[in-house]
Amino acid sequence: MAADLSHLKDELNPEQYQAVMTTEGPILIIAGAGSGKTRVITYRIAHMLDAGIPQSQILALTFTNKAAREMETRVKELTGRKLQNLTIATFHAFGVKILRQDIERLGWRTNFSIYDETDRNALIKETGRELQFTADALDVYKIGILFSDIKTGRKNWTAASDMYRQLYEGYQQGLRLYNAVDFDDLITLPIRLFREHPDVLARYKDRYRYLMVDEFQDTSHQQYELMRALAGQNVAVVGDDDQSIYSWRGADYQNIINFEHDFPGMKEIRLEQNYRSTETILAAANGVISHNTNRKDKTLWSGNGGGKPIEIYMPENETAEAQFITESIRSICLQEKRKYDDFCILMRTNTQSRPLEEQFLQENIPYVMSGGTSFFQRKEIKDIISYLRVIANHDDDVNLLRIINTPRRGIGRTTIERLNETARTLDVPLWEAITAVISADESESGISESTRDDLRSFVTFIENNRTMLSGKGLAKKVRALVEEIRYFDWLIAENPKSEKAARFKYLNVESLINSMDTWENNPDTKDANLYAYLNRITLLSRDDLDDGEEKGKVNLMTIHAAKGLEFPVVFIAGAEEGIVPHARAVEEGGNAAVEEERRLFYVAITRARDKLFISACRHRRRLRDVIACEGSRFLDEIPASLVAYHEPPQAVDAKAAQDILAAMRKSFTKPIVPGFGRKG
DNA sequence: GTGTTTACTTTTTTT
DNA sequence: AAGTAAACAC
């Protein structure tokens, strides 16, 4: 089916239409929540293709893989074309693409490893130990953040941080030696590449004539630099300062101001009509966000009619909260004939998901938790991936150390220390030290012959698996590897108390292998080799794996993960002081941080189309003990006329809890609070 | 030299 | 509850 865009004018409002038709020159689209942003972007691309602009000239940058994928499918649907040459990617994925092509010019080899936070911290720890840092001074978590700030120019060295300068140098050298780059490098190295090698930049500028950046309010200075380096005149950026929620990762919505300066003649288009939410929900959102001082003034309006009041409930604890949510979902499903995937539960932190997931399992309600502790952060997954990384890049010390004795193969602490010394004196990666030690005539290394045998078989094992680098059947080979190292036995041994846990972990490994299989058999996968797989994998999160699986399931996610999405019925769980706004944000960042938390809450509210429930527990379990909680300050910022409160349950013992539950069940056929269920 | 036990802290949000 | 580091046992 060919594109039929002749009715564009009827399908879009005047501002949207203008945004779609303005393909030449710089434009800034300020798109309020629910104002049809995705629609505008996809129509805009479709229109450009329709106007004869080749796919290869268009580059669209997003923040999440999910957004990129969604954009691609929508354009595909709209145009009915195959999109082989259209580039829609996240900033980081695009960075990888650039580096895969030309990183050799910067001194790395093309089979470089990408280090995530865990890997980065491991490398910092390792380097710190070599430099004799005391355990006290070596808070790798904090140092990792510091290094990221330094690398991206967010911070300079200060008297306080100066003691880590040498460590930073060591860290950087480590990356170079192990042929690895970290997440920040995925943006900063392309910038450097473009600066130092104008011919490379020219190639990209020549190719990409039309640039588009989504969620522009969340671009960092580095990402903005990258964009600016590539941009000619035809740049469209789309954003909303009220939805800027990534400042802790370097996002700065001042880039919107910078854009006005750097691209003179820029056209600004504002999308202020909300098509998503009821007037009630929108009024609540506006009421909250209006408390922020530092923002572009906006008047979002909705033509969608009143809607139901926003329901606020204060359950006794998180179990009661989870029960309230599942009960509500059940009855709304029945009453309004909704499907499970119409519901979304939003949380501030990942840890909030546990009691909810338990309740869902118990009640047999299917759910998907997107994001969360990323699938790829799981130990069992990282173990297997580490094997693959070492196979792809022997010099990757961080991953080598991870697997060299996992499962146990008799290579213990002292051996590793010895190898480290050898590596340090020769100034080579561990792998080379190992090969040197095992091929030496006598055991001058101080490593026993039997241990050297263990090392030899390890090296042989890795070498034998290099067949993965080419040819077909990657998943099959990985499965064989997992069997050969007897990973399941290891999991059982490591989880002596719970075979269930071991089994669960093994299932995760299984689903990793399955996803490899689908990936390599997907016709859209261009080169199904190990390198391509590894480059891709580090940038993915859980929900990028099981595509299509989320149909018919209740959605659970953090507010951050929900950006850009919408659901008919939304629950915001844990709307308590200390959670939103998060205690850490309040104590560390002062007012600016509270404003960001408020934006976060605003994003949460504006995900809802028809119905919004907010719950705040009176007590919550934290660490060991139970603490008393207060409702979030943001709750008071919702105009009272829009809210219906649930009657709080009085008792906590089991019997009373049953009664409350029974009352709650009834409450959906007959409101226990006057006004609930009626139009406000 | 290696593997197991025990004491101890802890990380908000994600590419 | 889970991951880490140091102490302890083999």
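Order of the sequence lines fixes the chain letters, A, B, ..., with proteins taken first and strands second; residue numbering starts at 1 for each chain.
Scanning atom types as modelled, no donor and acceptor separated by under 3.5 angstrom connect the side chain of A/His582 and the base of B/dT12. Below the 3.5 angstrom threshold, one finds a donor paired with an acceptor across the side chain of A/Arg348 and the base of B/dT13.
Listed by chain and residue number, nothing satisfies the ring-ring contact (aromatic ring centres under 6.0 Å, His included) test with A/His582 (two or more places apart in sequence, or in another chain). The side chain to side chain donor-acceptor pair (under 3.5 Å) search around A/His221 returns A/Asp252, not counting sequence neighbours. Partners of A/Glu126 by salt bridge (Lys or Arg N to Asp or Glu O under 4.0 Å), not counting sequence neighbours: none found. Here A/Arg503 pairs with A/Glu499 under the salt bridge (Lys or Arg N to Asp or Glu O under 4.0 Å) rule; sequence neighbours left out. Partners of A/Asp149 by salt bridge (Lys or Arg N to Asp or Glu O under 4.0 Å), not counting sequence neighbours, listed by chain and number: A/Arg154, A/Lys155. Annotation: salt bridge (Lys or Arg N to Asp or Glu O under 4.0 Å) contacts of A/Lys382 (sequence neighbours excluded): A/Asp116, A/Asp119.
For B/dT14, the OP1/OP2 oxygens have no side-chain nitrogen or oxygen of A/Thr64 closer than 4.0 Å. Residue A/Asn350 has a polar side-chain atom (N or O) positioned under 4.0 Å from OP1 or OP2 of B/dT14. An OP1 or OP2 oxygen of B/dT15 is reached within less than 4.0 angstrom by no side-chain nitrogen or oxygen of A/Thr538. Between A/Asn65 and B/dT14, a side-chain N or O to OP1/OP2 separation shorter than 4.0 Å is absent.
Following rounding to the nearest Å, A/Lys563 (NZ) and B/dT14 (P) show an atom-to-atom distance of 11 Å. For the pair A/Phe376 CZ and B/dT14 P, the interatomic distance rounds to 15 Å; values are reported in whole Å. We find that CD of A/Glu595 is positioned 18 Å from C1' of B/dT13, with the value rounded to whole Å. A/Gln352 places its CD atom 15 Å from the C1' atom of B/dT11, with the value rounded to the nearest Å. At whole-Å resolution of the value, CZ in A/Arg120 and C1' in B/dT15 are 12 Å apart. Rounded to whole Å, the distance from CD1 on A/Ile579 to C1' on B/dT13 is 13 Å. Taking atom CG on A/Leu539 and atom C1' on B/dT15, their separation rounds to 7 Å, with Å as the unit. Going from atom CD1 of A/Ile411 over to atom P of B/dT2 covers 9 Å, rounded to whole Å.
Salt bridge A/Glu318/A/Arg621: absent, no basic N to carboxylate O contact under 4.0 Å. Taking a cutoff of 4.0 Å between a charged side-chain nitrogen and a carboxylate oxygen, A/Arg295 and A/Glu595 do not qualify as a salt bridge.
Within 4.0 Å (heavy atoms only), A/Phe91 reaches no atom of the nucleic acid at all. Residue A/Asn405 is in sugar-phosphate contact alone, with no base atom involved, counting any heavy-atom pair closer than 4.0 Å across all strands shown. When heavy atoms are screened at a 4.0 angstrom cut-off, A/Thr351 is found touching no nucleic acid atom at all.
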Task: Where protein sits on nucleotides 1-10 of chain C, one letter per nucleotide: B base, S sugar-phosphate only, - none, heavy atoms under 4.0 Å - done: S--SS-B---
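Of the candidate nucleotides B/dT14, B/dT11, B/dG1, B/dT14 has the atom nearest to the side chain of A/Ala561. Nearest nucleotide to the A/Thr90 side chain, out of B/dT15, B/dT11, B/dG1: B/dT15. Distances were taken from every side-chain heavy atom of A/His560 (C-beta onward) to each of B/dT13, B/dT4, B/dG1; the shortest belongs to B/dT13.
Comparing A/Asp139 and A/Arg409 along DNA chain B, the residue whose closest nucleotide (by nearest heavy atom) sits nearer the 5' end is A/Arg409. If A/Thr349 and A/Phe63 are placed on DNA chain B by their nearest nucleotide, the residue sitting closer to the 5' end is A/Thr349.
Within a heavy-atom distance below 4.0 Å of DNA chain B, the residues of residues 237-252 of chain A found are A/Tyr246, A/Trp248, A/Arg249.
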Open item on the list: Would A/Arg452 and A/Glu449 count as a salt bridge (Lys or Arg N to Asp or Glu O under 4.0 Å) here? Give the steps.
Closed with: CA-CA 5 Å; A/Arg452 295 196 325 151; A/Glu449 190 52 36; 2.9 Å; yes
Indicate every side-chain donor-acceptor pair of residues 184-191 of chain A with a distance under 3.5 Å to a residue at least two apart or in another chain.
| unit_1 | atom_1 | unit_2 | atom_2 | d |
| --- | --- | --- | --- | --- |
| A/Asp184 | OD2 | A/Ser148 | OG | 2.8 |
| A/Asp185 | OD1 | A/Lys151 | NZ | 2.9 |
| A/Asp185 | OD2 | A/Lys151 | NZ | 3.2 |
| A/Asp185 | OD2 | A/Asp182 | N | 3.0 |
| A/Thr188 | OG1 | A/Asp184 | O | 3.2 |

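For the pair A/Arg176 and A/Trp108, the cation-pi test (distance below 6.0 Å, angle within 45°) is passed.
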